[in-house]
Amino acid sequence: MRVWKRWWCLGQWLASPEHPALSTRQAWLTAELFGLLPDTVRVAVDPGFFADNYLQLVPLAAQLGVLPVPTGSGRNAPPSNEDIARVAVGALLDPHRHDGRAYRPTGPTLLSGADIADAVGEALGRPHRNRSQCGRRRHHACADHRVGPGAEMTDNQIHTQYSTGLTQPSIRQALRAAGKDLEHLRPADLTLLEDFHTMGRFATTELVDLIRITADMRVLDAGSGIGGTARFVADRCRCRVTAVDLSDEYCQTNRWLNRLVGLDERISVRHADVTELPFADATFDVVFSQHVQMNVAAKTRLYRETRRVTVAGGRLAMWDITIGEPGELDYPLPWADQPGRSHLVTAGELRAVVESAGFAVEHWSDLTEQATTTMQLLLSMPANPLGLHAFVADFAQKAENLTRALGDGRLRVIRGIARAGARAIS
Ligand SMILES: C[S@@+](CC[C@H](N)C(=O)[O-])C[C@H]1O[C@@H](n2cnc3c(N)ncnc32)[C@H](O)[C@@H]1O
């Protein structure tokens, strides 16, 4: 055969006329068209899903801590661009051996999405998550089952639970490691590390969307942690927010971050106890309480105090963990390293104590399933330098214990919105 031209065609592993994807059918058609040309020889190189496709997602993984892979539960042996090129060069250097043939280059090993995520995590230099089950302390959830005054967490115990003495330097380091310029930080740069609750910013956004806050409203973030919700609300709703927390270290970090992102004029931070708020009656239109009551045994006092500082008709926005099925809990949990610091009740009890404090519940949903799936997905991804682990000690283990308990129903997560009735109950 007289050969005028040799074509080296880069196609697709799955290329066929029956494939459901148009682009894959087109890849098949293109290769066929070259094959129809007279005096022409075609060598087909049809790789599977390139390693490079995963590499395109690395910036996203570094930013969000999530590596979305399209292979589902399937496995793939991704070839590198270099290996694909080697096959092509081999065909070009020794054409007669390869004329009319087709090759399917693959990488050396079949990898699942989780394997790829681990490899990306290693390349990004993030510590591997320790999934060891050893050394966990176990405790029966029912032992947490208390309502009303009890062993309240003191200032000192809150300090022991949450403070590391390093919150600010750790966050500074994490921000720098993620390539953030601290002189020009924007609120969105903090998204991944500032929401200290289940489902992070996803949960905050959904709750804030439900509440509909306008710029003239006065908002309290009661038990604000390092201030994620306060900043999100102040930035997005352009309103004034007051943040209260019993951890002085968190309050200081909160003020520092507010300054860094230019929201310090809109947010004031007070070091105070949510069961004894330093505000006059009817000061706020909206009060956020997210993942705080789990540290508070005196729930009646907590919600009466919340009701007192809320205007009649104002709203309480809750995002909280409750007890579910009876069963032992594994510690540490994100809000308690040990059982004595955790004051959980059932969802029914929580709702009852909120109502008895003078609120009418308008929205109450159990989002345990959604939270479990989200948390499982987040935990399966390589850790991002900007996650809560940047400043929360042993965070991976805490999040894992929480997610497992949500998954099997020992814990539940509740979103609630309650409207303050006409009169505060003293
Ligand atoms: C799990 S963190 C949640 C922080 C924040 N609400 C968030 O969702 O990002 C719990 C926070 O509640 C605070 N806290 C616990 N008991 C408190 C109390 N009695 N008064 C004020 N803050 C309290 C802790 O200091 C901690 O910052």
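For the numbers below, each heavy atom of this structure counts, side chains included, while hydrogens, waters and symmetry mates do not. In listed order, ligands and their atoms are each counted from 1.
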N/O to N/O below 3.5 Å, does that happen between [X] and ligand 1?
X: Val292; answer: no
X: Phe196; answer: yes
X: Asp245; answer: yes
X: Leu246; answer: yes
X: Gln290; answer: yes

How about Glu355: does its CD atom have over 12 heavy atoms from other parts shown lying under 6.0 Å from it?
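Yes - once you tally the heavy atoms of other residues, nucleotides and ligands closer than 6.0 Å, there are more than 12.
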
What do you reckon, is CD of Glu362 surrounded by more than 12 foreign heavy atoms closer than 6.0 Å?
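Counting other residues, nucleotides and ligands, CD of Glu362 exceeds 12 neighbours.
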
Below 4.0 angstrom, N of the basic side chain to O of the carboxylate: do [X] and [Y] qualify?
X: Arg231; Y: Asp195; result: no
X: Arg301; Y: Glu276; result: no
X: Arg308; Y: Asp281; result: yes
X: Glu400; Y: Arg404; result: yes

Reference residue Arg412; test side-chain hydrogen bond (donor to acceptor under 3.5 Å, both in side chains); the match among Asp366, Thr322, Thr346:
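Between Arg412 and the candidates, side-chain hydrogen bond (donor to acceptor under 3.5 Å, both in side chains) is satisfied uniquely by Asp366.
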
Checking contacts here: is it the side chain or the backbone of [X] that comes within 4.0 Å of ligand 1, counting heavy atoms only? Could be both or neither.
X: Pro334; value: neither
X: Tyr162; value: side chain
X: Ile158; value: side chain
X: Ala272; value: backbone
X: Asn295; value: side chain

Cation-pi check, Arg415 onto Trp364 ring (under 6.0 Å, within 45° of axis):
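No cation-pi geometry.
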
Quick check on contacts: which atoms of ligand 1 are under 4.0 angstrom from a heavy atom of [X]?
X: Tyr250; result: 27 (O)
X: Asp195; result: 9 (O)
X: Gly223; result: 4 (C), 5 (C), 6 (N), 22 (N)
X: Ser247; result: 25 (O)
X: His197; result: 7 (C), 8 (O), 9 (O)
X: His291; result: 1 (C), 2 (S), 3 (C), 10 (C)
X: Gly225; result: 4 (C), 5 (C), 27 (O)

Out of Asp273, Thr275, Leu302, who gets a non-hydrogen atom closest to atom 19 (N) of ligand 1?
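It is Asp273 whose heavy atom sits nearest to atom 19 (N) of ligand 1.
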
Got a sec, which residues hit side-chain contact (heavy atoms from CB on, under 4.5 Å) with Thr306, two or more places apart in sequence or on another chain?
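Listed in chain order: Val287, Leu302, Tyr303, Thr310, Leu316, Phe359.
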
For Leu166, is there any backbone N or O sitting under 3.5 Å from a side-chain donor or acceptor partner on Thr164?
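Checked: pair present.
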
Given side chain to side chain donor-acceptor pair (under 3.5 Å), test Trp319 with Thr198 step by step and report yes or no.
CA-CA 9 Å; Trp319 176 238; Thr198 312; 4.9 Å; no

At the 4.0 Å heavy-atom cut-off, does Ser224 count as touching ligand 1?
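Within the 4.0 Å threshold, so yes.
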
Mind checking ring pair (Phe, Tyr, Trp, His ring centres under 6.0 Å) for Tyr250 and listing every partner two or more places apart, or none if nothing turns up?
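Once residues adjacent in sequence are excluded, the partners of Tyr250 under the ring pair (Phe, Tyr, Trp, His ring centres under 6.0 Å) criterion are Tyr162, Phe391.
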
